[in-house]
Amino acid sequence: QVQLVESRGGLVQAGGSLRLSCASSGRTFSNYVMGWFRQAPGKDRESVAAISGRGSMTYYADSVKGRFTISRDNAKNTVYLQMNSLKPEDTAVYYCAASVRLLASKEEVNFWGQGTQVAVSS
């Protein structure tokens with residue numbers, strides 16, 4: 001069993017930055033692809049970014065490419081999402097996710113964090 005605990009999100013102005021972190025329990029952290037999904041009100045949960053077990057491969061949704069950076073520290077069992085140049089449309093609940101595939105859909109995610117709210121004001 002893997003437990004994922006996200007850091008607190010927050011409210012930022014458009015153009016600002018925020019870093020999310022997600023700490024994992026267990027000794028198999030590096031076995032999992034780690035990712036971030038988000039869900040805005042009334043919308044489906046979507047994949048934002050993902051990183052392979054050793055960090056050699058990454059995936060970004062087109063909407064965040066060039067603005068968001070995913071990274072991981074396997075020694076600390078932690079994955080990060082650095083979000084820059086934030087836009088109001090980035091407002092959503094962000095979820096940390098563990099899966100076995102880089103391009104995993106939300107149905108394929110093995111473990112979820114509890115979610116953290118990010119709000120971007122215009």
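All of these numbers come straight from a predicted model, not from anything done at the bench.
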Item checked: Pairwise side-chain contact, F111 with Y32, heavy-atom cut-off 4.5 Å (strictly under) -> yes

Margin query: Is there a path of hydrophobic side-chain contacts, each under 4.5 Å between heavy atoms of I/L/V/M/F/W/Y residues, joining L20 to V79?
Written below: yes

Notebook entry, point to check: Given the rule that I, L, V, M, F, W and Y join up when any side-chain heavy atoms are under 4.5 Å apart, are V12 and V48 in one cluster?
Noted result: yes

Notebook entry, point to check: Is the closest side-chain heavy-atom distance between M83 and D90 below 4.5 Å?
Noted result: no

Next item on the list: Taking the side chain as every heavy atom from C-beta outward, state whether S99 and E108 have any atom pair closer than 4.5 Å.
Entry: no

Check: Ignoring hydrogens and geometry, is there a side-chain-to-backbone donor-acceptor pair from S25 to Q3 under 3.5 Å?
Finding: yes

Margin query: So which atom in K43 and which in Q39 form the shortest heavy-atom distance, rounded to 0.1 Å?
Written below: O-NE2, 3.2 Å

Check: Are F29 and W36 co-members of a hydrophobic cluster defined by side-chain heavy atoms under 4.5 Å apart?
Finding: yes

Notebook entry, point to check: Between the main-chain N or O of L103 and the side-chain N or O of R101, is there a donor-acceptor pair closer than 3.5 Å?
Noted result: yes

Next item on the list: Determine whether V100 and V33 fall in the same hydrophobic cluster, where Ile, Leu, Val, Met, Phe, Trp and Tyr are linked whenever their side-chain heavy atoms lie under 4.5 Å apart.
Entry: no

Notebook entry, point to check: What are the two closest heavy atoms between P88 and A14, and how far apart are they?
Noted result: CD-CB, 4.1 Å

Next item on the list: Report the distance from atom OG of S47 to atom OH of Y95, rounding to the nearest 0.5 Å.
Entry: 14.5 Å

Note to self: Tell me the closest heavy-atom pair linking A98 and V109, and the distance in Å.
What the structure shows: O-CG1, 3.6 Å

Margin query: Among C96, S21, C22, which residue satisfies the side-chain contact (heavy atoms from CB on, under 4.5 Å) criterion with S7?
Written below: S21

Check: For the side chain of Y60 and the backbone of I70, is there at least one donor-acceptor N/O pair under 3.5 Å apart?
Finding: yes

Item checked: Partner residues of Y94 under the side chain to side chain donor-acceptor pair (under 3.5 Å) criterion, sequence neighbours left out -> R38

Notebook entry, point to check: Quick one: does Q117's side chain have a donor or acceptor within less than 3.5 Å of a partner on G10's backbone?
Noted result: no

Next item on the list: Verify the cluster assignment for F37 and V64: are they in a single hydrophobic cluster under the rule of side-chain heavy atoms below 4.5 Å apart?
Entry: no

Check: To the nearest 0.5 Å, what is the distance between CZ (R72) and CG (N77)?
Finding: 9.0 Å

Checklist line | Test item: K87 and R67 side chains (from C-beta on) under 4.5 Å apart, heavy atoms | finding: yes

Next item on the list: Determine whether L18 and V118 make a side-chain contact, defined as any pair of heavy atoms from C-beta on separated by less than 4.5 Å.
Entry: yes

Checklist line | Value rounded to 0.5 Å, distance of CZ in R45 from OG in S105 | finding: 12.0 Å

Note to self: Working to the nearest 0.5 angstrom, can you tell me the gap between I51 CD1 and S56 OG?
What the structure shows: 8.0 Å

Checklist line | Sidechain-backbone polar pair: T78 side chain, D73 backbone, donor-acceptor under 3.5 Å | finding: no

Notebook entry, point to check: Okay, side chain of E6, backbone of Q114: is any donor-acceptor separation there less than 3.5 Å?
Noted result: yes

Notebook entry, point to check: Which distance, rounded to the nearest 0.5 Å, do you find between the CG of N110 and the CD of Q1?
Noted result: 10.0 Å

Note to self: Is there a side-chain contact between E89 and V120 in this structure, where contact means two heavy atoms from C-beta onward sitting under 4.5 Å apart?
What the structure shows: no

Margin query: Looking at N74 and G53, would you say the former's side chain and the latter's main chain have a donor-acceptor pair under 3.5 Å?
Written below: yes

